[in-house]
2 protein chains.
Amino acid sequence: MSEPLHERIRAEVEARILSGDWPPGHRIPFEHEFTAQYACSRMTVSKALCELADAGLIERRRKAGSFVRRPQGQSAVIEIHDVASEVASLDRAYGYTLLSRARRRATAQDRERLALARGATVVALRCRHDADGLPFCLEDRLISLDAAPDAASESFAADPPGAWLLARIPWTSAEHRIRAERAGAAAATLGLGQPTPCLVIERRTFAGEAPVTQVILTYPGAAHELIARFSPGRD
Amino acid sequence: MSEPLHERIRAEVEARILSGDWPPGHRIPFEHEFTAQYACSRMTVSKALCELADAGLIERRRKAGSFVRRPQGQSAVIEIHDVASEVASLDRAYGYTLLSRARRRATAQDRERLALARGATVVALRCRHDADGLPFCLEDRLISLDAAPDAASESFAADPPGAWLLARIPWTSAEHRIRAERAGAAAATLGLGQPTPCLVIERRTFAGEAPVTQVILTYPGAAHELIARFSPGRD
DNA sequence: TAGTGGTCTAGACCACGCA
DNA sequence: GCGTGGTCTAGACCACTAG
């Protein structure tokens, strides 16, 4: 058995669908018909068809059967890695510089960035990530000391705060905003001329309802792409 | 049985992992231990643990057991909607204009964009999506006639090609690239001054190994953000 | 109501990888 | 070696739902 049988069934049904042999809306054979065709048990067929259903290629309805789905594709999936591993995956040397660190009672702007209550205290960091000695990304981060009290005694001089937080504070949800922007205050730090467009990623992370951190990552547009390969999901 | 048992097992193990109770590297109980704990068969436990492995939360090794995986960096999920529904969700009036349409043997550049074989034919489209009468997004699309022969006889004068393709051609995977760019050729069409940064989304879609379509969407940066809220779980 | 998929069982054999 | 997970079987009962 070089290849699992359920995998072979899945691949053959998938090929029928992708070739157009079984067009959208077509009812594919019942499970018991596959068990006869492949001389196997129902569990094996079921596993193959469930994989196709998870992949969004078919829809299964009790009593009616399984049908080829009309492709949905409204939404997609993108992976966003943390900066250090991003640089590492490009096979370039990673460098990190802390530009500034401040501990303060949250200003009005801080409270808006991080959805904080009045009177909360934060650590504000600015740092630069380098690849092969060249500026790769500018990071502007707020950390809530309510969520991460240890951040108050951490200098962040040697290691970037992203990995530090990730290793300590469990998070349950995050919100991303991605946009293009003209390099403003970041231009000088990144060694850019003014008109250079940048890719800006804003991320707010929460543990339950409590805000943990907010970060603005600015990448020189020419030097960076978000890349992802993905498959349609269930939905 | 309101909830399948394998689902309950999956949820309880996932909770242990996300709470930090079982930290990265921790070996979780063997399948036979779960069968004792839940008084169920091995298949049921296996299904639950396979789901967690698919989601990237655990790694399973023969003889050794199953282990909590270290977080893969900050991998995340972002939804990318198609342009028409994007405009609709902003509660603005959607408009569509076909700028050009050509059918041709694939040029070298076309072949690179769409990973096509020599001698393939394509339909090349340029169109503009408007919101409340203002340019919202510029679309530059290639369609492989091998994958979508009907595109040869479709004018695309009234309806955007994205939805047309989605309704007809099933796809199994796609590749996205997102970057910031200075408005170049797109500037005039979008009614922009030259230095305006744009958010550029490139998407290549495949059915199995066969390329279907490639599209470059250019959004004026100030007018557009990708926004997503997500939770950790499936990678 | 009858037939489908969803779930589950109590076994089994095998491949792999750590000893 | 030997124990793990990977796969598979030949049944079973149940929930859902189209007819």
Side-chain angles (χ1 to χ4, degrees), chain A residues 1-14 16-17 22-70 72 232-235, chain B residues 1-17 22-70 72 170 234-235:
Chain A
M1 182 205 314
S2 61
E3 178 194 41
L5 181 53
H6 69 84
E7 187 62 22
R8 197 184 127 206
I9 298 175
R10 188 202 56 72
E12 291 187 11
V13 173
E14 182 177 299
R16 293 268 197 147
I17 294 173
W22 289 342
H26 176 85
R27 185 184 65 68
I28 75 175
F30 297 124
E31 290 191 353
H32 68 80
E33 297 179 281
F34 280 114
T35 64
Q37 180 186 338
Y38 289 96
C40 68
S41 79
R42 229 193 94 202
M43 283 283 314
T44 305
V45 172
S46 176
K47 180 156 189 167
L49 297 190
C50 281
E51 285 170 11
L52 288 171
D54 283 347
L57 278 181
I58 64 172
E59 179 185 353
R60 317 197 73 198
R61 292 203 299 270
R62 288 171 157 109
K63 168 71 178 180
S66 301
F67 299 83
V68 178
R69 285 230 314 193
R70 226 160 275 288
Q72 299 300 313
R234 61 209 97 161
D235 58 356
Chain B
M1 182 205 314
S2 61
E3 177 194 41
L5 180 54
H6 68 84
E7 186 63 23
R8 198 186 125 205
I9 298 174
R10 187 202 56 73
E12 291 187 9
V13 173
E14 182 177 300
R16 293 266 196 147
I17 295 173
W22 288 344
H26 177 84
R27 186 185 63 70
I28 75 175
F30 297 123
E31 291 192 352
H32 66 81
E33 297 180 280
F34 281 114
T35 64
Q37 180 185 340
Y38 289 96
C40 67
S41 81
R42 227 193 95 201
M43 284 278 325
T44 305
V45 172
S46 176
K47 181 157 189 165
L49 297 190
C50 281
E51 286 169 11
L52 289 170
D54 284 347
L57 279 180
I58 65 172
E59 181 185 352
R60 316 197 71 198
R61 290 204 300 270
R62 287 173 158 105
K63 170 70 179 180
S66 301
F67 299 82
V68 178
R69 290 230 306 197
R70 267 158 231 296
Q72 296 295 81
R234 65 195 100 186
D235 60 356

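Quick note on labels: first sequence line is chain A, next is B, and so on, each numbered from 1.
Counting to the nearest Å, the P atom of C/dG6 and the CD atom of B/E51 are 13 Å from each other. Here the P atom of nucleotide D/dA10 and the CG atom of A/L5 are 12 Å apart, to the nearest Å. C/dT7 atom P lies 13 Å from atom CD1 of B/I9, rounded to whole Å. For the pair A/F34 CZ and D/dA10 C1', the computed distance is 20 Å after rounding to whole Å. Between the CD atom of B/E3 and the P atom of C/dG6 there is a distance of 17 Å, rounded to whole Å. Atom CE in B/M43 sits roughly 10 Å away from atom C1' in D/dT9 (whole-Å rounding). Going from atom NZ of B/K47 over to atom P of C/dC8 covers 8 Å, rounded to whole Å. A/F67 has its CZ atom 10 Å from the C1' atom of C/dT4, to the nearest Å.
Side-chain contact between A/I9 and A/C40: present, with at least one pair of heavy atoms (C-beta onward) separated by less than 4.5 Å. Looking at A/Y38 and A/T44, their side chains never come closer than 4.5 Å, going by heavy atoms from C-beta outward. The closest side-chain heavy-atom distance from A/I28 to A/L49 is below 4.5 Å. At a threshold of 4.5 Å between non-hydrogen side-chain atoms, the residues A/C50 and A/R60 count as touching.
Taking five base pairs at each end of the helix from C/dT1-D/dA18 to C/dC18-D/dG1 and finding the rotation axis that steps the C1' atoms of four pairs onto the next four gives two axes whose angle is 10°, to the nearest 10°.
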Any N/O pairs under 3.5 Å between the protein and nucleotides 1-5 of chain D? List them or say none.
{"residue": "D/dT4", "atom": "OP1", "partner": "B/H32", "partner atom": "NE2", "Å": "3.3"}
{"residue": "D/dT4", "atom": "O2", "partner": "B/K63", "partner atom": "N", "Å": "3.4"}
{"residue": "D/dG5", "atom": "OP2", "partner": "B/E31", "partner atom": "N", "Å": "3.4"}

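Nearest heavy atoms, B/I58 versus B/S66: CD1-CB, 4.3 Å. A pairwise comparison of heavy atoms in A/G25 and A/F67 identifies O-CD2, 3.6 Å as the closest pair. The two residues A/G65 and A/F30 make their nearest non-hydrogen contact at CA-CE2, 3.8 Å.
Contact check, B/T44 against C/dT7: no side-chain N or O comes under 4.0 Å of OP1 or OP2.
No side-chain donor-acceptor contact under 3.5 Å links A/E7 to the backbone of A/P4.
Listed by chain and residue number, A/R10 satisfy the salt bridge (charged side-chain N to carboxylate O under 4.0 Å, His left out) test with A/E51 (two or more places apart in sequence, or in another chain).
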